[in-house]
Amino acid sequence: MLYLKEKLSFKIIRYIIAWIIGGVILIGGFDYLKWRSFQDDFSVSTSGIQYRNYDEYIWPKFLTTKEDVITQYFSPIKNGLSEIRIRLAYNHTTLLETYGASICIILMDEKKNILIKEEISSDSISNWRYYILKTENLKKGSMYSISLMQTNGAKNESGEYQLSYVPFIYDRQIIEDIPAENRYCEYNGEKQDYEWDLYYVYQYINKNNIQQLFIINIIAAICLILFAILFWYNKRKAILLVSLCLAGIFLYRGIQIYRENKLWYHQNIYIAHAMGGIDGIGYTNSLEAFETAYQNGLRVFEVDFSMTSDNKIVLKHDWENLSGMIGYESGYIPTLEEYKSIKLYEKYTTLDIYDLFELMLKYRDIYIVTDSKLAAYEEVVEQFNLLSSILKNYNLSDQKHILEHSIIQLYNDNMLNAVESVIHFDNYIYTLYQRGLDDIEILADFCVKNKIPVITMPYSWWTEEVNNLLHKKGLKVFLHTLNDSKEVQDYLNSGVDGIYTDFITVSD
């Protein structure tokens with residue numbers, strides 16, 4: 001009897017140990033895979049205004065000797081500071097082109113320990129551009145400093161540098177929106193009344209992901225405990241519990257697949273070009289064109305952005321070929337008030353960015369594809385800074401809806417960085433009409449890496465070879481702009497995923 005009890009106790013202990021090890025492996029393995037996916041899905045936040053437009057350029061004291069040093073002190077406002085972008089400029093571009101120059105950037109903690117030291121030359125960064133200093137493990141609330149020293153350059157007879165590489169600065173007397181991280185600036189140990197023009201980029205894992213993982217762990221642990229209890233008392237109920245868990249997993253995956261199929265490019269074959277055509281006329285970007293296309297079943301609308309003479313965003317393709325459309329000579333750029341006061345072709349309503357946002361909130365099932373025309377980094381940043389400032393006039397719920405239903409059309413790789421440096425969007429299209437088809441496989445890899453699911457091109461550029469290459473990468477292919485129903489059907493039958501159109505309707 002004693003032997004039987006000992007054998008039974010050993011069996012129970014062995015069972016418990018096996019159950020614990022199995023549970024740790026199961027939950028730990030899931031956590032590891034999920035955590036890896038979270039690390040590839042960083043959220044990004046920024047602080048500062050990138051490529052600020054200065055009315056007047058203010059300069060700090062120049063670095064004239066190797067002993068001169070200008071230092072900016074800062075304190076991260078959250079963990080995860082991954083980049084500090086330092087806008088740098090020379091005071092003498094002619095000498096720069098002739099002699100070049102070198103500088104040293106040093107990042108230190110509050111105990112003066114050197115964390116990063118980088119020597120850069122004028123060849124590696126253009127004048128008036130941002131130098132990106134990669135950082136890691138900088139703690140929220142701790143004090144750090146960035147120092148800038150000149151190490152090489154043209155000198156005068158007295159041995160002083162004739163040109164100086166210096167940071168842009170904010171004058172505290174006239175600029176109020178200095179980044180919160182900035183603390184104070186020193187020149188050779190003396191505190192100054194200005195701050196460096198810095199742009200901070202934070203990367204962090206989304207808290208919602210962590211909460212989701214925690215909840216899943218709790219549920220998994222409870223299920224394992226129930227399974228152990230039921231297995232001990234009733235093996236049939238334990239098997240039933242496992243079956244229910246598996247059913248839950250399949251249901252969860254089914255919901256994921258359903259959500260994936262609800263993505264805009266799965267649901268919509270057609271994109272209304274320039275808000276759609278009306279009365280046989282294209283490129284109006286007008287209210288009436290939108291309403292007509294919407295009534296005809298289209299739910300994705302491409303819109304053209306243009307800037308007015310007073311720097312406002314309106315829905316207009318360009319300011320050329322205006323005769324008959326808005327009553328001005330071609331090339332004339334009106335103010336916002338002038339543009340909003342006229343009727344296109346004397347009958348169609350003009351729209352600006354506020355009107356567009358209001359339409360998105362009224363017709364909540366539509367998506368907007370932007371054709372902003374601008375491709376240079378600084379111009380893109382300026383335009384999306386303006387768009388972002390307008391968006392802040394809406395409550396958080398409306399902001400979220402507008403962002404989720406906006407699809408940003410990219411013209412080059414760097415434009416993605418420019419847009420994301422200002423505001424994050426979930427949806428992108430890469431259009432080729434400015435870039436061309438060169439190195440299409442490299443472009444496809446860029447899109448896959450950056451989760452850009454759709455590439456669009458002029459229909460005359462399309463080939464079956466290009467189509468197959470992009471599909472093998474998991475990308476969708478859209479073409480623009482087609483208005484013949486038979487032609488559209490031929491392309492769709494050949495494997496094209498979507499079409500930009502002025503006049504084709506869903507019923508067609």
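Heavy-atom basis, side chains included; hydrogens, waters and symmetry copies ignored.
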Consider only side-chain N and O atoms of [X] and [Y], and report whether a donor and an acceptor are under 3.5 Å apart.
{"X": "K343", "Y": "T350", "answer": "no"}
{"X": "Y170", "Y": "D197", "answer": "yes"}
{"X": "N493", "Y": "Q489", "answer": "yes"}

So, [X] side chain and [Y] main chain: donor-acceptor pair closer than 3.5 Å or not?
{"X": "Q295", "Y": "T292", "result": "no"}
{"X": "S75", "Y": "E181", "result": "no"}
{"X": "R299", "Y": "Y294", "result": "yes"}
{"X": "E379", "Y": "L374", "result": "no"}
{"X": "D371", "Y": "F305", "result": "no"}
{"X": "N296", "Y": "I504", "result": "no"}
{"X": "T501", "Y": "L482", "result": "yes"}

**OP:** Might you confirm whether atom CD of E136 has over 12 heavy atoms from other residues, nucleotides or ligands at distances under 6.0 Å?
**Re:**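 Open: at most 12 neighbouring heavy atoms sit under 6.0 Å from CD of E136.
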Would you call [X] and [Y] a salt bridge, taking side-chain N to carboxylate O under 4.0 Å as the test?
{"X": "K449", "Y": "D445", "value": "no"}
{"X": "K373", "Y": "D304", "value": "yes"}
{"X": "D355", "Y": "K340", "value": "yes"}
{"X": "E441", "Y": "K473", "value": "yes"}

Identify the two heavy atoms, one from [X] and one from [Y], that lie closest to each other, and give their separation to 0.1 Å.
{"X": "T135", "Y": "E83", "answer": "OG1-N, 3.8 Å"}
{"X": "I281", "Y": "Y345", "answer": "CG2-CE1, 3.6 Å"}
{"X": "L198", "Y": "P179", "answer": "O-CG, 3.5 Å"}

**OP:** Evaluate the salt bridge (charged side-chain N to carboxylate O under 4.0 Å, His left out) criterion for residues D426 and K451: first the C-alpha distance (whole Å), next the side-chain angles of each, then the deciding distance (0.1 Å), finally the verdict.
**Re:** CA-CA 9 Å; D426 291 328; K451 299 179 182 178; over 6 Å; no
Between [X] and [Y], is the ring centre distance below 6.0 Å?
{"X": "Y500", "Y": "Y270", "answer": "no"}
{"X": "H273", "Y": "Y283", "answer": "yes"}
{"X": "W196", "Y": "Y184", "answer": "no"}
{"X": "Y332", "Y": "W319", "answer": "no"}

**OP:** Just say parallel, tilted or perpendicular for the rings of F384 and F425, cut-offs at 30° and 60°.
**Re:**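 Plane angle over 60°, so perpendicular.
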Original post:
Pick one: which of I368, L387, D398, N393 meets side-chain contact (heavy atoms from CB on, under 4.5 Å) with F357?
Top reply: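 Only one of I368, L387, D398, N393 forms a side-chain contact (heavy atoms from CB on, under 4.5 Å) with F357, namely L387.
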Original post:
Could you state the interatomic distance from CD1 (I116) to CD (E118), rounded to the nearest 0.5 Å?
Top reply: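 Taking CD1 in I116 and CD in E118, the distance rounds to 6.0 Å.
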**OP:** Taking side-chain hydrogen bond (donor to acceptor under 3.5 Å, both in side chains) as the test, write out the residues that go with S121, two or more places apart.
**Re:**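 Per chain and number, S121 pairs via side-chain hydrogen bond (donor to acceptor under 3.5 Å, both in side chains) with no residue.
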**OP:** Would you sort out whether K362 and E358 count as a salt bridge (charged side-chain N to carboxylate O under 4.0 Å, His left out), showing the intermediate values?
**Re:** CA-CA 6 Å; K362 180 179 179 182; E358 292 301 323; over 6 Å; no
Subject >> Option passing ring pair (Phe, Tyr, Trp, His ring centres under 6.0 Å) with F478 (candidates W264, Y430, Y459) >> reply: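 With F478 as partner, ring pair (Phe, Tyr, Trp, His ring centres under 6.0 Å) holds for just one option, W264.
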